[in-house]
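Structure provided below as structure tokens; questions to follow.
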Amino acid sequence: MLIGESINLTGVGKQFGGKSVVEDLSLDVKAGEFISLLGPSGSGKTTLLMMIAGFEYPNTGQISVGSRDITYLAPNRRAVGMVFQKYALFPHMTVAQNVAFPLKMRGAATKDIACRVSEMLGLVQLAGFESRYPHQVSGGQQQRVAVARALVAEPPVLLMDEPLSALDKKLRESMQLEIKRIQNRVGVTVVYVTHDQEEALTMSDRIAVMSGGRLVQVGSPLDLYHRPSSPFVAEFIGKMNFIDGEYLGSDQGTSCVRVSKTVTLQSRDATGAQLAHFRTGAAVRVAVRPEQIALRATSPGSSKDQLTGTVESVIFVGQAHLVLVRMEGQGGSLVEVHVPSGARPTVFAQGEMVVLEIDPADVKLYPRDAGRTR
Ligand SMILES: Nc1ncnc2c1ncn2[C@@H]1O[C@H](COP(=O)(O)OP(=O)(O)O)[C@@H](O)[C@H]1O
Ligand SMILES: [Mg+2]
């Protein structure tokens, strides 16, 4: 059952009381794709979703589903399913009646409705719950009812606005997999709003990162994690350490950055399209993920040109030890290092001097003036 259709947003803009909330936003979502809108609170995610659903109209731009322009179409004529943060089930209707509701509104035949409802409840693994009322099932089950109700009329597009944020962590994680499974089964195109980067990484084919009403980067989870186009994305998806430095120059794809009087770091940042813009002496920010730094004990032979620091704290977080290192030089800034807690990890003690080793391929460079908001 392949029902997904593509979504096309072109130059979409929305203002509320003269204030621009979504600005000149263009995005193509492929048929059957799972795309997340990820961004901090107030970045315009819900507003964008509401425009796709038809509960808000854009001031500029165009929205189409498949080849249909739906920019100004009424919500009930869009064939778009919607799941909200609050499940918004009808409390006086049973589970089966809730799921049947969209079909009833369309005037479907009673026996077709019954068939379709039991098919949908099977899909969301709620067979047997037909005659319960929403208050008689758990939060996770209510959310699955909402998903069944949103999908029952086979919409080509399913919109979800932070549907799991009211659930606790364990349930949220199992529901993420559950929603993915359902989406795979029915092939519906999903636009999924979340402010939770882990959720976006887990569920999405692609993630569209939003800030201040604009798209700052769109890409696969791996793309965004390994090739963030800005410090904002780097910090928003995963953890990132930043070290200030001075750009010295580059040769055959390897750039040199001075990060203290005696220490120079190398970067082979294949993604650094902006490299071309750096001039010798430019203020840059070196960025490294915590798991891409290795710690070694200092030895008498350690030379002055190595990056060194003092272990400030070691925290065991299950899959890793999180080590905070106060750097030598660098105004004593703190660097976070993740040491996997595999077999016999070398764990350093508080107060110990360590050398930080980083593969130049894992070192990214950004201009220092690249704001943290974009
Ligand atoms: N109906 C509205 N009237 C006025 N301002 C609104 C309205 N809806 C949203 N906004 C404003 O638009 C901005 C983006 O909101 P929203 O789309 O809800 O962001 P997000 O979902 O990313 O948290 C916020 O500053 C919010 O206050
Ligand atoms: Mg929102």
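One-based numbering, in listed order, for ligands and for the atoms of each. Remember, it's a predicted structure, so these values are computed and weren't measured experimentally.
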* To do: Measure the distance from atom 16 (P) of ligand 1 to every protein heavy atom, then report the residue, atom name and distance (to 0.1 Å) of the closest one.
  =>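 Nearest neighbour among protein heavy atoms for atom 16 (P) of ligand 1, to 0.1 Å: Thr47 OG1, 3.6 Å.
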
* To do: Would you indicate which of Thr194, Thr46, Val21 comes nearest to atom 12 (O) of ligand 1 when only heavy atoms are counted?
  =>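 Nearest heavy atom to atom 12 (O) of ligand 1 lies in Val21.
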
* To do: I would like to know whether Phe242 and Val286 meet side chain to side chain contact (heavy atoms under 4.5 Å, CB included); could you show each step before the answer?
  => CA-CA 5 Å; Phe242 292 103; Val286 173; over 6 Å; no

* Is the distance from the Mg ion (ligand 2) to some N, O or S atom of Thr46 under 2.8 Å? ->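 Given the 2.8 Å cut-off, Thr46 counts as a ligand of the Mg ion (ligand 2).
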
* Asked: Can Met210 be said to touch ligand 1, with heavy atoms closer than 4.0 Å?
  ->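 Under 4.0 Å: no for Met210.
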
* **Protein heavy-atom partner closest to atom 1 (N) of ligand 1 - residue, atom, separation in Å** =>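 For atom 1 (N) of ligand 1, the nearest protein heavy atom comes out as Phe16 CE2, 3.6 Å.
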
* Indicate yes or no: does Glu154 engage Arg116 in a salt bridge with an N to O separation below 4.0 Å. =>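 Yes, Glu154 and Arg116 are salt-bridged.
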
* **Gap between atom NZ of Lys180 and atom CG of Asp205 - 0.5 Å precision** =>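 Output value for this atom pair is 4.5 Å.
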
* Heavy atom of protein closer than 4.0 angstrom to atom 9 (C) of ligand 1 ->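 Yes, there is one.
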
* What protein heavy atom is closest to atom 19 (O) of ligand 1, reported as residue, atom name and distance in Å? ->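 Checking every protein heavy atom, the shortest distance to atom 19 (O) of ligand 1 gives Gly44 N, 3.2 Å.
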
* Test item: protein heavy atom less than 4.0 Å from atom 27 (O) of ligand 1 ->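 When distances to the protein are checked, atom 27 (O) of ligand 1 has no heavy atom within 4.0 Å.
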
* Taking atom 24 (C) of ligand 1 as the point of reference, which of Pro40, Gly39, Gly42, Ser41 owns the nearest heavy atom? ->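 Checking each option, the heavy atom nearest atom 24 (C) of ligand 1 is found in Gly42.
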
* **Basic-acidic side-chain contact under 4.0 Å: Arg68, Glu5** =>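 Salt bridge present between Arg68 and Glu5.
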
* For residues Thr308 and Glu328, is any side-chain donor paired with an opposing acceptor at under 3.5 Å? ->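 No - no donor-acceptor pair under 3.5 Å links their side chains.
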
* Salt bridge Arg214-Asp24, side-chain N to carboxylate O under 4.0 Å ->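 No, Arg214 and Asp24 are not salt-bridged.
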
* Start with the C-alpha distance between Leu25 and Leu9, add both sets of side-chain angles, then the distance that settles side chain to side chain contact (heavy atoms under 4.5 Å, CB included), and finish with yes or no. => CA-CA 7 Å; Leu25 191 148; Leu9 307 171; 3.9 Å; yes

* **Distance filter under 4.0 Å to Lys19 heavy atoms, resulting ligand 1 atoms** =>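 Under 4.0 Å from Lys19, ligand 1 has these atoms: 25 (O).
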
* Asked: Is the shortest N/O to N/O distance between Glu56 and ligand 1 below 3.5 Å?
  ->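 No; every N/O pair is 3.5 Å or more apart.
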
